[in-house]
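Remarks on the structure that follows.
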2 protein chains.
Amino acid sequence: MSDSPPDDDRPLDPRQLSAYFALSEVGSLLQHEVERHLRAEGGLSTVQFQLLASLDASDGRLTMTQLADGVVYSRSGLTYQVGLLEKAGLVTRGPSPDDERSTLVSITDEGRALVERILPGHIRVVRGRLFEPLSDEDLDRLGDIMTRVRDHMRARPPRSAAPRRRRGPAD
Amino acid sequence: MSDSPPDDDRPLDPRQLSAYFALSEVGSLLQHEVERHLRAEGGLSTVQFQLLASLDASDGRLTMTQLADGVVYSRSGLTYQVGLLEKAGLVTRGPSPDDERSTLVSITDEGRALVERILPGHIRVVRGRLFEPLSDEDLDRLGDIMTRVRDHMRARPPRSAAPRRRRGPAD
DNA sequence: CTATTTTGCTTCGAATTTGAAGCATGAGGC
DNA sequence: GCCTCATGCTTCAAATTCGAAGCAAAATAG
């Protein structure tokens with residue numbers, strides 16, 4: 001870490017490129033297939049399922065902010081989606097006892113039941129599409145890599161633009 | 001095909017779960033940051049950039065179907081986006097000489113110039129957010145794994161629903 | 001204690017996305 | 001050559017998305 005090499009402005013080498021493209025593609029494909037399955041199976045979008053799953057995994061109640069933080073999503077979009085879930089009777093919204101501003105979202109029994117019902121099929125999709133061609137060792141490695149990347153991305157909030165404005169930009 | 005092991009209906013074990021969640025999260029986070037950057041830098045959405053990059057990488061002209069196949073996208077959405085790109089002067093649309101039905105999309109010089117202008121920053125984002133915490137070995141492994149998964153997903157077109165409806169569902 | 005700033009959420013309008021339906025051309029069967 | 005089906009793309013209406021603006025409660029400053 002003595003002096004940063006000019007690594008930053010070099011093009012990606014072929015290995016990086018191919019890894020990046022493959023990752024993007026897998027992400028998109030997986031997302032689409034999961035979407036399709038959830039829609040067909042339980043009439044839910046991916047986000048809605050993630051929200052219910054988050055609630056189910058935690059203590060059953062989270063604030064809007066906690067939910068939005070887990071799922072990568074805009075605040076207003078979250079309001080909309082939680083509204084739909086509430087209308088469907090899968091969650092309820094109420095004020096937080098601690099903080100009058102916060103809305104506490106709680107999963108209903110019906111919501112839990114739906115998650116339980118959809119989960120097996122969801123898992124089957126993920127297993128069949130994602131994990132099938134991977135060995136145990138691949139799996140460990142993938143988990144390790146992705147966890148590290150995620151922590152890295154979560155650690156540093158994204159600079160909106162101009163990551164290093166040392167020299168005047170040609171803009 | 002003698003008797004399928006009950007592997008299929010087991011829940012994902014913790015390693016699989018954590019790998020799956022981390023992968024999803026990284027995918028979402030990366031997509032959002034790329035989106036933000038491209039929008040700020042060149043006024044393009046991710047899809048538009050991918051379309052231009054696809055055209056740039058190939059011979060400069062592709063049919064709508066070829067484009068949609070590369071990017072994971074709906075046909076109608078593609079029509080809309082290509083329409084925007086055309087309006088912006090970055091691509092042109094014309095009939096295919098071979099097939100009267102096909103629309104051939106060509107990138108303009110302006111389009112190429114825009115790609116050239118945005119690419120370095122895009123690469124900087126990807127490098128900084130995705131590759132920074134990875135060693136060379138990680139990189140190779142990641143590329144290998146993702147390539148294999150992608151090929152696997154591309155090979156078998158997704159079953160719309162009901163992968164194995166052997167026993168009457170409790171629906 | 002009051003003024004200011006911050007935080008949490010919702011509402012709003014504009015842009016995007018999607019699947020279904022529509023239209024025209026190409027390919028096959030007869 | 002016709003008739004039927006498949007293919008390539010666009011149009012359409014409805015749903016979803018986002019950021020900006022708005023509003024109320026809480027934290028902070030003085």
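Being a predicted model, the structure only gives us computed values, none of them experimental. So you know, we letter chains A, B, ... as the sequences are listed, proteins then strands, and number each from 1.
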Check whether the ring centres of Tyr73(A) and His32(B) lie less than 6.0 Å apart, and answer yes or no.
-> no
Check: Phe49(A) ring centre within less than 6.0 Å of His37(A) ring centre = no
Under 4.0 angstrom between Gln81(B) side-chain N/O and dT17(C) OP1 or OP2 = yes
Within the structure, does a side-chain N or O atom of Tyr73(B) lie under 4.0 Å from either OP1 or OP2 of dT17(C)?
-> yes
Indicate, with a heavy-atom threshold strictly under 4.0 Å, whether [X] touches base, sugar-phosphate, or nothing.
X: Thr63(B); value: sugar-phosphate
X: Ser76(A); value: base
X: Thr103(B); value: sugar-phosphate

Between [N] ([atom2]) and [X] ([atom1]): distance, integer Å:
X: Arg75(A); N: dC12(C); atom1: CZ; atom2: C1'; result: 18 Å
X: Arg93(A); N: dT10(C); atom1: CZ; atom2: C1'; result: 9 Å
X: Asp98(A); N: dG8(C); atom1: CG; atom2: C1'; result: 14 Å
X: Leu85(A); N: dT10(C); atom1: CG; atom2: C1'; result: 16 Å
X: Asp99(B); N: dA27(C); atom1: CG; atom2: P; result: 7 Å
X: Leu67(A); N: dG8(C); atom1: CG; atom2: C1'; result: 13 Å
X: Leu44(B); N: dT16(C); atom1: CG; atom2: C1'; result: 15 Å
X: Leu84(B); N: dA14(C); atom1: CG; atom2: P; result: 17 Å

Salt bridge between [X] and [Y], side-chain N to carboxylate O under 4.0 Å?
X: Arg141(A); Y: Glu137(B); value: yes
X: Asp99(A); Y: Arg101(A); value: yes
X: Arg124(B); Y: Glu41(B); value: no

Below 4.5 Å, heavy atoms only, C-beta onward: do Leu30(B) and Tyr20(A) meet side chain to side chain?
-> yes
Is there side-chain contact between Leu44(B) and Leu85(B), with heavy atoms separated by less than 4.5 Å?
-> yes
Shortest side-chain distance from Glu100(B), nucleotide among dT17(C), dT25(C), dT10(C) | dT25(C)
Taking 5' to 3' order, which nucleotide of DNA chain D is first and which is last to have an atom within less than 4.0 Å of a heavy atom in chain A?
-> dA15(D) to dA26(D)
Taking for Tyr80(A) and for Leu104(B) the nucleotide of DNA chain D with the nearest heavy atom, the one nearer the 5' end belongs to Leu104(B)
On DNA chain D, more 5' by nearest nucleotide between Arg101(A) and Val47(A) is Val47(A)
